[in-house]
Asker: 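Before I ask anything, here is the structure I am working with.
Predicted model, so just to flag it, every value in this text is computed and none were measured.
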Amino acid sequence: MRRAASALLLAALFAGCSGEDAPKEGAGVRELLDLPARFELPAIPETNPLTAEKIRLGRHLFYDKQLSANETQSCASCHHQELAFADGLKLPQGSTGQTLSRNSPGLANVAYHSTLTWANNGLLSLEDQIPVPIRADNPVELGVNDGNVDEVLKRFDDDPRYQELFTAAFPRSDSGATVNKVVMALASFVRTIISGDSAYDRYLDGDDDALDESQKRGLALFNGERLECFHCHHGVLLSVSYHDANTTPGTIQYPFFNNGLYNVGGDGSYPSYDQGLYELTLNPKDRGMFRPSSLRNVALTAPYMHDGSLPTLRDVILHYSRGGSVTESGPYAGDGRLSPLKSGLVRGFEIDEQEIQDVSAFLNALTDESLLTNPKLSDPFLEAN
């Protein structure tokens, strides 16, 4: 709850920093984002118009450890380009060594999510979400707080390179670095993390040879009613948690599901340290509710689930084929297959070994190799060296 309140407080201060000139036409924004033709424009707040200068500043800030209070971590510490901007860990650690409770998700196409983070129905834009890792105190992530924020910002004000970057990004402001400017620049850069050149994308664009026969069988299973994967994972984001610039506000979905990963005590609960959406709403029906992840580059973003508890894609497929997971012993023992709060879409299904291999092959076809080496998304400080 403190995280959401902090984010909303900072978001309320954006208006004074948003008067920059930006592309007014969709074509200009599409070019800045390098969007594939099939992709709609993402929803971008009028208070933070997209500009090349803000993207450039945001890219530097994303990779700069000066943004953490103790200068040990950057955003990129938990979001590695070569891993589709995930980190390969079960659970990450913050800058002070505290272990976070949730797995670091990949960031590809994150600008299209209707809600941000695993289980928060109040973070609806990147400008809302980005203050969370910067200011979070339980657990600490980047560790910026009221006591050290001036020191952190002074690092950028004292750096000639950043003086130039901030001035170019916010030419109508003479206040130097501020938290609001940092957030808006980071949001602008993160919106450019676009993934749309996987083998699957090329197949959708008409290249029938882009998928091999196993991958095509896996696609058919993925989109079939027996496995029902497509109900939660479809479209350019491969998640129903989606909106774009043309989505009618009243039709935006904000989905969260209990997928039977736990059933502590037999009442559908998840471990007490992380009960998902329930921690914000306090509605008992929301225990174990988490947002359906994007499956973009999913083969690179292991381990899986909100807590990183499933190591491989095979484990994920078997979890859903069983209709939930069974924790045999310990404080979180329970049979997720019997959870009274589990989504009706997680019913279990029969699947043989060849079909498991085919679905895995299709999921591997969602990897966008160009994303992993795109120089526009890489560490700019390596270029300087």
Asker: Whether the S95 and K65 side chains hold a donor-acceptor pair (N or O, under 3.5 Å, no angle test) is what I'd like checked.
Answerer: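 Not at all, the side chains of S95 and K65 share no donor-acceptor pair under 3.5 Å.
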Asker: Cut-off 3.5 Å, side chains only: do D286 and T281 have a donor facing an acceptor?
Answerer: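 Note: D286 and T281 side chains meet the donor-acceptor criterion.
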Asker: Between S309 and K90, is the side chain to side chain donor-acceptor pair (under 3.5 Å) condition met? List the steps.
Answerer: CA-CA 7 Å; S309 58; K90 181 177 181 179; over 6 Å; no
Asker: Does a donor on one side chain sit under 3.5 Å from an acceptor on the other, for N70 and T72?
Answerer: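 Yes - a donor-acceptor pair under 3.5 Å links their side chains.
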Asker: Checking side-chain contact (heavy atoms from CB on, under 4.5 Å) for the pair R217/Q354: CA distance, chi angles, key distance, verdict?
Answerer: CA-CA 10 Å; R217 292 193 301 267; Q354 182 60 60; 3.5 Å; yes
Asker: Give a yes or no on whether the backbone of V298 and the side-chain of T301 come within a donor-acceptor separation of less than 3.5 Å.
Answerer: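 Yes, T301 side chain to V298 backbone: donor-acceptor pair under 3.5 Å.
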Asker: Report the distance from atom CG of L219 to atom CG of L366, rounding to the nearest 0.5 Å.
Answerer: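 Output value for this atom pair is 9.0 Å.
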Asker: Can a side-chain donor-acceptor contact be found between S101 and D307 if the only test is distance below 3.5 angstrom?
Answerer: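 No, S101 and D307 have no side-chain donor paired with an acceptor closer than 3.5 Å.
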Asker: Taking it one step at a time, do R226 and E350 satisfy salt bridge (charged side-chain N to carboxylate O under 4.0 Å, His left out)?
Answerer: CA-CA 8 Å; R226 173 155 56 103; E350 293 185 2; over 6 Å; no
Asker: Using the ring-ring contact (aromatic ring centres under 6.0 Å, His included) rule, collect all pairs that involve residues 115-145, keeping only residues at least two apart or in two chains.
Answerer: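 Matches after skipping sequence neighbours: none remain.
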Asker: For T117 and N120, does a side-chain donor sit closer than 3.5 Å to a side-chain acceptor?
Answerer: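 No, N120 and T117 have no side-chain donor paired with an acceptor closer than 3.5 Å.
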Asker: By side chain to side chain donor-acceptor pair (under 3.5 Å), which residues pair with H319, not counting sequence neighbours?
Answerer: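 Once residues adjacent in sequence are excluded, the partners of H319 under the side chain to side chain donor-acceptor pair (under 3.5 Å) criterion are S325.
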Asker: Before giving the answer on side-chain contact (heavy atoms from CB on, under 4.5 Å), spell out for L124 and Y254 the whole-Å C-alpha distance, their side-chain angles and the decisive distance to 0.1 Å.
Answerer: CA-CA 9 Å; L124 307 183; Y254 306 99; 4.0 Å; yes
Asker: Between Q66 and D64, do the side chains contain a donor N or O and an acceptor N or O under 3.5 Å apart?
Answerer: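 Looking only at side-chain atoms, Q66 and D64 do form a donor-acceptor pair, the distance falling under 3.5 Å.
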Asker: Looking at every heavy atom in both R296 and N109, which two are closest together, and how far apart are they?
Answerer: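 Nearest heavy atoms, R296 then N109: NE-ND2, 3.5 Å.
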Asker: Does one side chain, of D368 or S198, offer a donor that lies under 3.5 Å from an acceptor on the other?
Answerer: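 No.
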Asker: Under the ring-ring contact (aromatic ring centres under 6.0 Å, His included) test, which residues partner Y242, sequence neighbours left out?
Answerer: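 Once residues adjacent in sequence are excluded, the partners of Y242 under the ring-ring contact (aromatic ring centres under 6.0 Å, His included) criterion are Y112.
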Asker: Which value, rounded to the nearest 0.5 Å, describes the distance between R102 atom CZ and L91 atom CG?
Answerer: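 Rounded to the nearest 0.5 Å, the CZ-CG separation comes out at 11.0 Å.
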Asker: Linking I/L/V/M/F/W/Y whenever any side-chain heavy atoms sit under 4.5 Å apart, do L300 and L313 land together?
Answerer: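 The answer is no; the residues belong to distinct hydrophobic clusters.
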Asker: Counting only heavy atoms not in E71, do more than 12 sit closer than 6.0 Å to its CD atom?
Answerer: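 Enclosed: over 12 neighbouring heavy atoms sit under 6.0 Å from CD of E71.
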Asker: Roughly how far apart are D379 CG and H60 NE2, rounded to 0.5 Å?
Answerer: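 That separation rounds to 9.0 Å.
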Asker: For L371 and A108, work out which heavy atoms get closest and say how close.
Answerer: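 Scanning both residues, the minimum pair turns out to be CD2-CB, 4.1 Å.
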Asker: Under 4.5 Å between side-chain heavy atoms, hopping through other hydrophobics if needed: is there a path connecting I193 to V236?
Answerer: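 Linked, I193 and V236 end up in one cluster.
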Asker: If the condition is ring-ring contact (aromatic ring centres under 6.0 Å, His included), which residues does H306 pass it with, not counting sequence neighbours?
Answerer: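 Testing H306 for ring-ring contact (aromatic ring centres under 6.0 Å, His included), a comparison that skips the adjacent residues, returns Y270, F290.
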Asker: When you check the side-chain N and O atoms of S214 and D358, is any donor under 3.5 Å from an acceptor?
Answerer: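 Note: S214 and D358 side chains meet the donor-acceptor criterion.
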Asker: What ring-ring contact (aromatic ring centres under 6.0 Å, His included) pairs are there with at least one residue in residues 133-157, not counting sequence neighbours?
Answerer: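 Qualifying pairs, neighbours excluded: F156-Y162.
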Asker: Hey, could you give me the CD/CZ distance between E141 and R135, rounded to the nearest 0.5 Å?
Answerer: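 Going from the CD atom of E141 to the CZ atom of R135 covers 13.0 Å.
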Asker: Do E127 and R191 pass the salt bridge (charged side-chain N to carboxylate O under 4.0 Å, His left out) test, and can you show the C-alpha distance, the side-chain angles, and the key distance before you say yes or no?
Answerer: CA-CA 11 Å; E127 287 78 7; R191 286 192 174 96; 2.8 Å; yes
Asker: If every non-hydrogen atom of P375 is compared with every non-hydrogen atom of S378, which pair is closest and at what distance?
Answerer: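 Answer, listing the atom of P375 first, then S378: O-OG, 2.8 Å.
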Asker: Evaluate the salt bridge (charged side-chain N to carboxylate O under 4.0 Å, His left out) criterion for residues R30 and E40: first the C-alpha distance (whole Å), next the side-chain angles of each, then the deciding distance (0.1 Å), finally the verdict.
Answerer: CA-CA 9 Å; R30 295 190 73 88; E40 298 289 345; 5.6 Å; no
Asker: For N103 and L89: C-alpha separation, side-chain torsions, deciding distance, then whether side-chain contact (heavy atoms from CB on, under 4.5 Å) applies.
Answerer: CA-CA 7 Å; N103 177 263; L89 301 176; 5.9 Å; no
Asker: If I take atom OG from residue S239 and atom NE2 from residue H113, how far apart are they, to the nearest 0.5 angstrom?
Answerer: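 The NE2 atom of H113 is 5.0 Å from OG of S239, to the nearest 0.5 Å.
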Asker: If we count only N and O atoms by modelled type, under 3.5 Å, do the side chains of D87 and S104 hold a donor and an acceptor together?
Answerer: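 Yes, a side-chain donor-acceptor pair sits under 3.5 Å.
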Asker: Enumerate the ring-ring contact (aromatic ring centres under 6.0 Å, His included) contacts for residues 171-229, please, sequence neighbours excluded, ordered by first and then second residue.
Answerer: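 Non-adjacent pairs meeting ring-ring contact (aromatic ring centres under 6.0 Å, His included): F62-F189, Y200-F362, F222-F362.
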Asker: Testing the basics here: between S321 and I351, what is the closest heavy-atom pair and its distance to 0.1 Å?
Answerer: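 Scanning both residues completely, I find the closest heavy atoms to be CB-CG2, 3.8 Å.
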Asker: Supply the atom-to-atom distance F85 CZ to C78 SG, rounded to the nearest 0.5 angstrom.
Answerer: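 Those atoms lie 13.5 Å apart.
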Asker: Given side chain to side chain donor-acceptor pair (under 3.5 Å), test N263 with K342 step by step and report yes or no.
Answerer: CA-CA 9 Å; N263 184 18; K342 186 182 67 172; over 6 Å; no
Asker: Is a donor from one side chain sitting under 3.5 angstrom from an acceptor on the other, for D159 and Q163?
Answerer: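 Short answer, no.
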Asker: For a quick test of reading the model, state the closest non-hydrogen atom pair linking Q81 to N374 and the distance between them.
Answerer: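 So the two residues come closest at NE2-O, 2.9 Å.
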Asker: Show the numbers, then the answer: is there a salt bridge (charged side-chain N to carboxylate O under 4.0 Å, His left out) between D208 and K216?
Answerer: CA-CA 10 Å; D208 191 64; K216 290 176 182 177; 3.0 Å; yes
Asker: If we check salt bridge (Lys or Arg N to Asp or Glu O under 4.0 Å) with R202, which of these qualifies: D209, D207, D197?
Answerer: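 Among D209, D207, D197, the one meeting salt bridge (Lys or Arg N to Asp or Glu O under 4.0 Å) with R202 is D197.
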Asker: Assess the side chains of S114 and R291: does a donor N or O sit below 3.5 Å from an acceptor N or O?
Answerer: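 Result is no, nothing qualifies.
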Asker: Just by distance, with hydrogens left out, do T192 and K376 show a side-chain donor and acceptor under 3.5 Å apart?
Answerer: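 On atom types as modelled, these side chains do not qualify, holding no pair under 3.5 Å.
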Asker: For D315 and Y304: C-alpha separation, side-chain torsions, deciding distance, then whether side-chain contact (heavy atoms from CB on, under 4.5 Å) applies.
Answerer: CA-CA 9 Å; D315 293 319; Y304 304 104; over 6 Å; no
Asker: Taking all non-hydrogen atoms of both residues into account, name the closest pair between N297 and A84 and its distance.
Answerer: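 Answer, listing the atom of N297 first, then A84: CB-CB, 3.5 Å.
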Asker: Quick check against the 3.5 Å criterion: does T248 have a side-chain atom that pairs as donor or acceptor with the backbone of T251?
Answerer: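 No; judged by distance alone, with no hydrogens or angles, the pair does not exist.
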Asker: If you draw a 6.0 Å radius around CG in D174, do more than 12 non-hydrogen atoms from other residues or ligands fall strictly inside?
Answerer: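 Open.
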Asker: In terms of hydrophobic clusters joined by side-chain contacts under 4.5 Å, are V179 and V152 together?
Answerer: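 Linked within one cluster.
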